[in-house]
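Index from 1, following the sequence. What you are looking at is a predicted structure, and each value in this text was computed from that prediction instead of being measured.
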Amino acid sequence: MKRQAYQPILITDASRSQDDQLTSRQRRYVLMMAVRVACVIVGAILVGAKAPLLWIWLPLVALGMVIVPWLAVLLANDRPPKERHRLATRLRSGVAKDVPSLSVTAEERPHKVIDAEP
């Protein structure tokens, strides 16, 4: 069986630290909640000013007030996939090309010879 050459691990392939991931998720959450606050303020201004086409703007603002927090929580709790899964996919696709199949067809299978003694 052919051995594969050793490939060093590059620092650029390293995943981000847990603290960096948490910080970026927190920033994303705060930004999305700021968008929600902006939707609340814009909705209040539109109602107070009795803007034209209010029946169009209020559902859009209300949708932003409902969907944005839901997405913010989902994205804040989401972590990037583990490296193990990425490597397994890479290795599986590379090995399949180089390694011959271990299955044996019916023609290649050895047959048992039964000695019939009289």
| Cluster check M65, I41: I/L/V/M/F/W/Y, side chain < 4.5 angstrom | no
| message | Please tell me whether V61 and V40 are part of a single hydrophobic cluster in this structure, the criterion being side-chain heavy atoms less than 4.5 Å apart. | response | yes
| Shared-cluster residues of I67, by chain and number - hydrophobic side chains joined below 4.5 Å | M32, V35, L63, V68, W70, L71, L74, L75
| request: Share the residues that join V66 in a hydrophobic cluster, the rule being Ile, Leu, Val, Met, Phe, Trp or Tyr side chains under 4.5 Å apart at the heavy-atom level. | output: none
| field | side chain to side chain donor-acceptor pair (under 3.5 Å) contacts in which one or both residues fall within residues 20-48, not counting sequence neighbours | value | R16-S24, S17-D20
| What pair of heavy atoms forms the shortest contact from P69 to G64, and how long is it? | CD-O, 3.8 Å
Using a 3.5 Å cut-off and no angle test, enumerate the donor-acceptor pairs between side-chain atoms of residues 47-57 and protein atoms at least two apart in sequence or in another chain.
none

